[in-house]
Amino acid sequence: MAHKKQGGKLTQRVRPEPKYLGLKVSDGQKVTTGSILVRQRGTPFTSGEGVKIGRDHTLFAVKPGTVKFGSKMGKKIISIH
C-alpha cells in the first residue's frame, strides 16, 4: 500500500503540444508575400484583398503591403493594401 497519496501523478499525464493559434500581425503592419497573418480553427477571420486561405484555415499574404482589418456584414476581414 502506498504511503504517499499522489506522488508522481502529474508526470504520468500526457500534455498536449501547444498549437500556437491566433493573430500573428497587427493592423498597419507591413508584410511580405507568404507571411502568415492568422492561424485559426474554422474561419473567425475571412480573407480580403491580397489574402488567401490555406487548407487549415490559415490566412497568408499573396502580395506585399500593409495589413488592414475591417468588417463586412458582421464578419471580420483581413486584407492587404
Side-chain angles (χ1 to χ4, degrees):
M1 187 173 215
H3 293 287
K4 288 189 177 179
K5 271 190 165 178
Q6 291 187 353
K9 228 11 173 176
L10 190 62
T11 58
Q12 293 170 0
R13 288 195 190 132
V14 177
R15 293 186 179 178
E17 290 293 317
K19 303 297 182 229
Y20 304 108
L21 301 175
L23 288 167
K24 306 300 179 187
V25 294
S26 56
D27 193 15
Q29 189 172 335
K30 290 188 179 180
V31 293
T32 57
T33 304
S35 296
I36 292 175
L37 309 176
V38 181
R39 286 209 180 266
Q40 57 188 354
R41 294 290 172 259
T43 52
F45 293 94
T46 55
S47 60
E49 183 185 334
V51 177
K52 292 239 176 169
I53 301 180
R55 64 184 188 138
D56 62 346
H57 304 286
T58 297
L59 298 183
F60 61 94
V62 292
K63 65 178 188 178
T66 307
V67 177
K68 182 75 177 156
F69 286 86
S71 64
K72 187 175 186 181
M73 296 180 68
K75 268 301 223 188
K76 294 175 221 157
I77 293 179
I78 300 178
S79 54
I80 305 290
H81 291 286

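Because only heavy atoms are used, hydrogens play no part in the values below, and waters and symmetry mates are left out as well, while side chains stay in.
Rounding to the nearest 0.5 Å places CG of Leu59 at 10.0 Å from CD1 of Ile36. With values rounded to the nearest 0.5 angstrom, Lys75 atom NZ is found 10.5 Å from Ser47 atom OG.
In the hydrophobic clustering of ILVMFWY residues, with side-chain heavy atoms under 4.5 Å counting as a link, Val25 and Val51 come out together.
Considering every non-hydrogen atom in both Gln40 and Pro44, the closest pair reads OE1-CD, 3.1 Å. In this structure, Ser35 and Thr32 approach most closely via the heavy-atom pair OG-O, 2.9 Å.
Heavy-atom neighbours of Lys24 NZ from other residues, nucleotides or ligands within 6.0 Å: above the threshold of 12.
For Leu23, the side chain to side chain contact (heavy atoms under 4.5 Å, CB included) partners at least two apart in sequence or on another chain are Val38, Phe45, Phe69, Ile78. Residues meeting the salt bridge (Lys or Arg N to Asp or Glu O under 4.0 Å) test with Lys76, sequence neighbours left out: none. Applying the side-chain hydrogen bond (donor to acceptor under 3.5 Å, both in side chains) criterion to Ser79, with sequence neighbours excluded, gives His81. Listed by chain and residue number, Ile77 satisfy the side chain to side chain contact (heavy atoms under 4.5 Å, CB included) test with Lys72 (two or more places apart in sequence, or in another chain). With sequence neighbours left out, the side-chain hydrogen bond (donor to acceptor under 3.5 Å, both in side chains) criterion links Glu49 to Lys63. Residues satisfying the side-chain hydrogen bond (donor to acceptor under 3.5 Å, both in side chains) test with Thr58, not counting sequence neighbours, are Arg39, Asp56.
Side-chain contact annotation: Thr43 with Thr46, donor-acceptor N/O pair under 3.5 Å absent.
If you run side chain to side chain contact (heavy atoms under 4.5 Å, CB included) between Ile80 and each of Thr66, Thr33, Val62, Leu37, only Leu37 comes through.
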